[in-house]
Each structure stands twice: as structure tokens, then as C-alpha cells.
Amino acid sequence: MTVSSSFALHATDGTARTGAITTPRGTIRTPAFMPVGTAATVKAMMPESVAATGADILLGNTYHLMLRPTAERIDRLGGLHRFMNWNKPILTDSGGFQVMSLADLRKLTEKGVTFKSHIDGSRHELTPERSMEIQRLLGSDIVMCFDECPALPADRDRIADSMRLSMRWAERSKDAFGDRPGHMLFGIQQGGLEQDFREESAKALRAIGFDGYAIGGLAVGEGQEAMFTCLDFAPGQLPEDKPRYLMGVGKPDDIVGAVKRGVDMMDCVLPSRSGRTGQAWTRRGQVNIKNARHQDDPRPLDETCSCPACRTYSRAYLHHVFRAQEMISGMLLTWHNLHYYQELMQGMRDAIAAGQFAAFEARFHAQRAEGDIPPL
Ligand SMILES: [Zn+2]
């Protein structure tokens with residue numbers, strides 16, 4: 001029996017919302033943070049460890065997987081969930097964003113984009129239809145429309161042209177996606193930082209009708225203040241009864257600010273990437289484990305954190321294995337960072353449900369303002 005997917009809003013506090021997306025592969029509690037599993041793995045983490053941090057859903061990258069090992073091969077091997085041993089929901093991006101960042105290696109037309117692989121220089125084409133086919137072959141639970149987005153700053157004409165092309169592609173994506181019970185298709189709002197273009201885009205997407213709506217084209221270099229200004233109106237332009245997904249965000253304070261403004265889902269490589277470069281995120285802010293101040297420090301990264309890195313290891317050990325370039329360094333810090341991000345999401349879900357989001361936010365900023373514990 002195929003179970004359909006749905007979204008239920010459980011509570012709101014100001015514009016912040018908490019709820020749940022139900023899918024045949026499990027429930028996604030919102031607001032949700034999605035770790036990024038670019039090449040069918042969240043780097044340095046076993047899938048069961050990712051699940052242990054509290055993640056309900058992962059993000060997979062169409063662009064990377066279509067090039068290597070290819071969507072057709074993953075399909076023959078039973079789909080992405082089985083291939084990477086992750087049985088909970090997976091959201092896949094459309095490949096659009098990564099192809100756009102290839103700059104001079106791509107060619108954009110009304111039909112789609114042709115580009116050269118960064119791996120071997122081979123030629124490929126991505127269109128709305130091909131992106132839907134790849135995401136179907138992968139077995140993605142939440143499929144994203146194929147879209148185009150300019151890097152900011154860009155002039156208004158460029159932003160408008162790009163947004164309108166993305167809306168035509170959104171319609172083609174919906175047609176190509178077809179009727180697939182149990183799978184969701186999300187439209188992507190574009191329009192840069194311009195309120196009128198964002199409204200035009202939202203209107204076009206609502207007319208087509210999607211299972212969820214992403215806010216695209218932010219976190220592309222505009223800075224936090226400009227992003228928050230846009231988020232003061234963008235989520236409210238989208239349907240209230242569907243999930244809203246802010247793509248590619250972000251640092252912990254970006255996430256708290258986005259949830260405050262009505263965002264339900266986010267993804268970012270930051271916690272895993274930082275983990276591999278010796279950067280830890282804690283409730284007291286960012287900790288650089290490379291710093292010599294940690295080399296004799298027997299205390300954990302965060303005494304209140306229940307992740308394996310904090311429960312079992314000292315700052316001195318984390319410092320040592322980073323300096324010695326041991327693999328466990330990236331493993332432990334990634335685990336800690338993902339654990340911290342998921343704990344932050346749980347804290348926000350609880351606070352919204354209790355009508356205490358403002359107090360939560362004040363505490364979040366106060367703890368960060370204190371900074372890391374002083375050296376011994
Ligand atoms: Zn920890």
C-alpha cells in the first residue's frame with residue numbers, strides 16, 4: 001500500500017512554526033535541519049551515526065550523483081536509500097544550483113543547461129525533464145524543481161529574467177514529475193532580494209501547485225542582514241499549509257533567525273565541512289580546535305553536550321588528532337557539529353510548541369555572547 005505524504009502544522013509562535021512532514025519512509029519533525037550527503041555519504045559519518053544525532057532526513061546532490069556513479073547505476077542497485085544504507089527520507093536538489101556555479105563551463109538555453117563535468121570534462125545536459133528523471137531514479141522522497149539562480153548582486157533585469165525562466169521550468173518540472181503518491185515535489189521561489197519579484201514568483205508557483213515551497217537564491221553572498229530582510233516577507237508569500245524550505249542555510253544564528261521568520265526546513269554543508277577543518281560549533285559559538293590553548297585542556301568541548309566527542313574525549317585529544325591529521329578528528333568534530341545542530345532544532349521545536357521562542361532566542365544569543373570557556 002502506498003502511503004501519501006503530508007504536512008501538518010502543530011503550533012506557531014509569532015511567525016515561527018513547528019510541525020511534521022509525514023512520508024512513507026518516516027516523519028520529518030520541523031523545523032528540520034538536513035545534513036548534506038553530497039556523494040551518497042555524509043562525509044566522515046556512518047549513516048547510523050547521522051541518525052543518532054537526531055536527523056530525520058538527508059539531502060543528496062543530483063549533480064554529483066548523475067556524474068558519479070550515475071543515477072542509472074544507483075537505480076539498478078536498488079535506489080539511493082539502499083545504496084547508501086539510509087532508510088529515512090531523502091531530499092534531492094535538482095542539480096541547477098551546482099551547474100550554475102560552473103560559470104564558464106555551462107551553456108544556458110530555454111530548454112536547459114549543457115555543461116562539462118568537473119570530473120572528466122564529459123558533456124552533459126540537465127533540463128527540467130532530465131532532472132525529474134534523475135531524482136526518480138535515485139528514489140528521492142522530496143524532489144526539487146529544476147531552477148536557475150543568478151549570483152548576487154545582479155541587476156533587476158537579470159533577476160527578473162532568471163526568475164521567469166525558473167517559473168517556466170517549474171511548470172515543466174511539475175508535468176515531468178507526474179503523479180507519484182508518497183513522493184513530494186517542491187517548487188522554488190526566486191527573485192533575488194526584490195519583494196515584487198518574490199511575490200510574482202510565489203504567485204506563479206501557487207498557480208502550479210506544489211507539495212512544498214523552497215526559498216531559493218539566498219545565502220549566495222548577500223550577507224545575513226540582507227537575507228533576513230528578504231525573509232521578513234518571502235515566507236509569508238508562500239502557502240501557510242505547506243512546508244517552506246530555505247536552501248543552503250547556514251550558520252547557527254542564520255538558522256535561528258530563519259526559523260523565527262517562518263522557515264521549516266534548511267540544509268547546509270557547514271557542520272560537516274567545519275568538522276573536517278577543525279572548527280566546532282557549540283552553544284557558546286565557534287571553537288577552533290587547532291588553537292594551541294587546547295593542547296593541555298582535559299575538559300570536553302562542551303560539558304553539556306551528549307555526543308561521543310564530548311562524552312569521551314578531551315579538548316587536548318581533539319587538538320592532537322587534528323594536528324596529527326588523524327581521520328578520527330574529522331569524524332568526532334563532524335559528529336559533534338551535527339549533534340549540536342540537531343539539538344538546536346529540537347530546542348526550537350520545543351520552544352515554539354511551548355510559546356517560548358523569544359526566550360529561547362534570547363538565551364541562544366546570550367550564551368554565544370559569553371563566548372568559549374576561558375583557558376585553564
Ligand atoms: Zn559534543
Side-chain angles (χ1 to χ4, degrees), residues 29 31-37 41-59 86 88 249-256 259 266-351 360-361 363-376:
R29 297 162 293 170
F33 178 78
M34 302 184 279
V36 178
T41 167
V42 176
K43 294 188 203 308
M45 294 286 284
M46 296 297 285
E48 48 271 41
S49 312
V50 177
T53 65
D56 293 330
I57 177 170
L58 284 189
L59 182 139
W86 174 265
K88 294 186 184 198
V249 171
K251 293 193 174 86
D253 54 331
D254 296 328
I255 288 179
V256 171
V259 167
M266 277 157 285
D267 77 282
C268 193
V269 295
L270 191 68
S272 41
R273 182 173 289 165
S274 301
R276 302 193 301 280
T277 57
Q279 301 295 316
W281 295 91
T282 77
R283 66 205 162 83
R284 291 168 170 272
Q286 206 174 349
V287 177
N288 182 352
I289 207 66
K290 288 176 276 193
N291 196 304
R293 62 170 282 199
H294 304 297
Q295 65 186 355
D296 291 305
D297 197 331
R299 297 171 299 178
L301 201 49
D302 183 341
E303 74 281 5
T304 67
C305 179
S306 62
C307 88
C310 294
R311 251 188 2 245
T312 323
Y313 299 97
S314 62
R315 288 177 176 230
Y317 182 75
L318 296 173
H319 172 82
H320 160 69
V321 288
F322 180 82
R323 284 288 167 128
Q325 298 180 13
E326 289 294 339
M327 280 191 275
I328 197 171
S329 170
M331 294 160 63
L332 289 173
L333 287 185
T334 302
W335 196 326
H336 166 81
N337 285 343
L338 290 176
H339 182 101
Y340 169 69
Y341 266 61
Q342 294 300 340
E343 210 160 58
L344 182 65
M345 303 317 291
Q346 184 62 53
M348 288 193 285
R349 290 192 294 264
D350 292 343
F360 177 93
E361 191 192 12
R363 199 165 55 243
F364 169 81
H365 289 294
Q367 282 187 327
R368 287 165 61 88
E370 275 178 37
D372 192 20
I373 49 174
L376 282 174

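Ligands are counted one by one from 1 in listed order, and the atoms in each one are counted from 1 as well.
- A side-chain hydrogen bond (donor to acceptor under 3.5 Å, both in side chains) check over residues 42-59, counting only residues at least two apart or in different chains, returns the pairs Arg29-Asp56.
- Rounded to the nearest 0.5 Å, atoms CG (Leu301) and CD1 (Ile289) are 5.5 Å apart.
- The existence of a salt bridge linking Lys251 and Asp253 is excluded, since no basic side-chain nitrogen approaches an acidic carboxylate oxygen closer than 4.0 Å.
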What donor-acceptor contacts under 3.5 angstrom involve side-chain atoms of residues 320-331, with partners at least two apart or in another chain?
unit_1	atom_1	unit_2	atom_2	d
Arg323	NH2	Lys290	O	2.8

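- Annotation: protein N, O or S atoms under 2.8 Å of the Zn ion (ligand 1) (waters excluded) comprise Cys305 SG, Cys307 SG, Cys310 SG, His336 ND1.
- Taking OH from Tyr313 and NE2 from His336, the interatomic distance works out to 15.0 Å, rounded to the nearest 0.5 Å.
- Partners of Gln286 according to the side chain to side chain contact (heavy atoms under 4.5 Å, CB included) rule, which considers only residues two or more places apart in sequence or in another chain, are Gln279, Trp281.
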